[in-house]
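Here is the naming used below: chain letters follow the sequence lines, and residue numbers restart at 1 for every chain.
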There are 2 protein chains.
Amino acid sequence: MAPKRVDRAARREEILSAAVRVFARQGFAASRIEDVAAEAGIAKGSVYLSFDSREALLSAAFERLSERSATVLEQTAADGEPALERLSGLVRSAVAMLADEPDLTRVMVDLWAAGRHTGDGAPFDMAAVYRAYRGVVADLLRRAAEEGDLRPGVGEPEATVVVGAIEGCLVQWLMDPSVRLAGLAEPLLDVCLSGLRVSRQPSGPPDRRPSESYQGP
Amino acid sequence: MAPKRVDRAARREEILSAAVRVFARQGFAASRIEDVAAEAGIAKGSVYLSFDSREALLSAAFERLSERSATVLEQTAADGEPALERLSGLVRSAVAMLADEPDLTRVMVDLWAAGRHTGDGAPFDMAAVYRAYRGVVADLLRRAAEEGDLRPGVGEPEATVVVGAIEGCLVQWLMDPSVRLAGLAEPLLDVCLSGLRVSRQPSGPPDRRPSESYQGP
DNA sequence: TTATTATGACTGACCAGTCAGTCATAATAG
DNA sequence: CTATTATGACTGACTGGTCAGTCATAATAA
């Protein structure tokens, strides 16, 4: 009982990937279903076998991005290390993830545009993604402070700034690809952790790891 | 002979303001010319007396935002003060400007989406706006380092992070209005200047100015 | 043959932009 | 002052093109 076997899920992924490429190239607003179909090498009608609507494609892209974000946050969960190390790892992973999937990252601006007018439980709850990031970062900040590595009194606002620094670098890269996104992780940590004021730490300059620690799914 | 005189420029401004309100509320993609006309209390056709096309409205919004940015950067030009003070002022002004004009700021996400696929001399050169910010910030960082207030070796990457921190806070506010944008200027400066690591500065906690120093046009 | 998947021509809604006509105003004439 | 007329701002019905989504038909495998 199975004529013409097709892996529905795999086909869906193929189409979604094609859609992400097209959205990244043209922007969601200028992307026709036909463009996506052509990119995937299938006919327009076939797209509707896997997706209910044009919006559903964007929604699926959000889902994919949301998963990646969750993965980054989960990888950070590993306890044992000092919280400060875990925070640095989180930032490096997040930046590496964004740099590793430039097309998906470029679609983010369309998700911002679409997610702006949706309430809390809406299809594109970008707010929830950032809340999750802020939550984890704020927690790590507090723990690191308890462990004596960070100054006390850090909390939500500081977490917002750290998360913001990542997203803001992303914005500049989106508008101007000559900005090297991946290369900004270390300066970002450097600025946020050590600050820009005259060096007063006795422990020398911050270690410059070779970067990259994200292992995508 | 002089029938019904109308201040064309003023009318144009009225329509643009209406458009910005509509775009902020619905997003550019979901905004019809009729919506803008209705918001301005005029007929659809009349919009075309002041603007050539729907795109021209968005372009004008970009222009307005671009002017605001230029104003912020010019206000910073005043020499005499220490570069570090000027940098702090710049960040406070930029954040205050964004917070003072929430509608125009909300349109920014549409400008990001539209500006993404335009080359260097295109109608929405958002890249140029960020380049200008980075340039001024990088310059102030270097001067402040020369003046001995900042550690040496700061440059473009650090400027990108500082500008990014502003834009990233903006993104989080756009997605989640419960984030208090105006209140993030001080934490932002605090994090970027002093860093999060255990306090080593002998001069006590960073001064918390009452914020707000932007004087819009 | 039958179940399933693929196709692309088709439809109907939508909307940017147009333009022939209306109207309020102000200049001028009587 | 009132009537007349010139002007251009304003209007909204209309047009033409676009495109999301549908569906009758074809292709293919079991």
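Contact annotation: B/R8 side-chain N/O to D/dG8 OP1/OP2 distance is not under 4.0 Å. OP1 or OP2 of D/dA9 has not a single side-chain nitrogen or oxygen of B/S46 nearer than 4.0 Å.
Following rounding to the nearest Å, A/I42 (CD1) and D/dA26 (P) show an atom-to-atom distance of 21 Å.
Within the structure, every pair that satisfies the ring pair (Phe, Tyr, Trp, His ring centres under 6.0 Å) test and touches residues 74-116 of chain A, not counting sequence neighbours, is listed here: A/W112-B/W112. For the ring pair (Phe, Tyr, Trp, His ring centres under 6.0 Å) condition, the pairs that include at least one residue of residues 6-51 of chain B, sequence neighbours left out, are B/F23-B/F28. A ring pair (Phe, Tyr, Trp, His ring centres under 6.0 Å) check over residues 156-185 of chain B, counting only residues at least two apart or in different chains, returns nothing.
A/A83 meets the side-chain contact (heavy atoms from CB on, under 4.5 Å) test with A/L140, A/R143, A/A144, A/E147; sequence neighbours excluded. In this structure, B/R180 has no side-chain hydrogen bond (donor to acceptor under 3.5 Å, both in side chains) partners at least two apart in sequence or on a different chain. A search for side-chain contact (heavy atoms from CB on, under 4.5 Å) contacts involving A/E156 returns A/R134, A/A138, A/R142, not counting sequence neighbours. Residues passing the salt bridge (Lys or Arg N to Asp or Glu O under 4.0 Å) test with B/E55, sequence neighbours excluded: none.
Side chain to side chain, B/S17 and B/R64 meet the donor-acceptor criterion of an N or O pair below 3.5 Å.
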Return the polar atom pairs (N/O with N/O) between nucleotides 15-19 of chain D and the protein under 3.5 Å, or none.
from	atom 1	to	atom 2	distance (Å)
D/dC19	OP1	A/R32	NE	3.0

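The partner of D/dC23, taking Watson-Crick or G-U wobble pairs whose two distances both stay under 3.5 Å, is C/dG8.
Using a 4.0 Å cutoff on non-hydrogen atoms, no part of residues 9-22 of chain B comes near DNA chain C.
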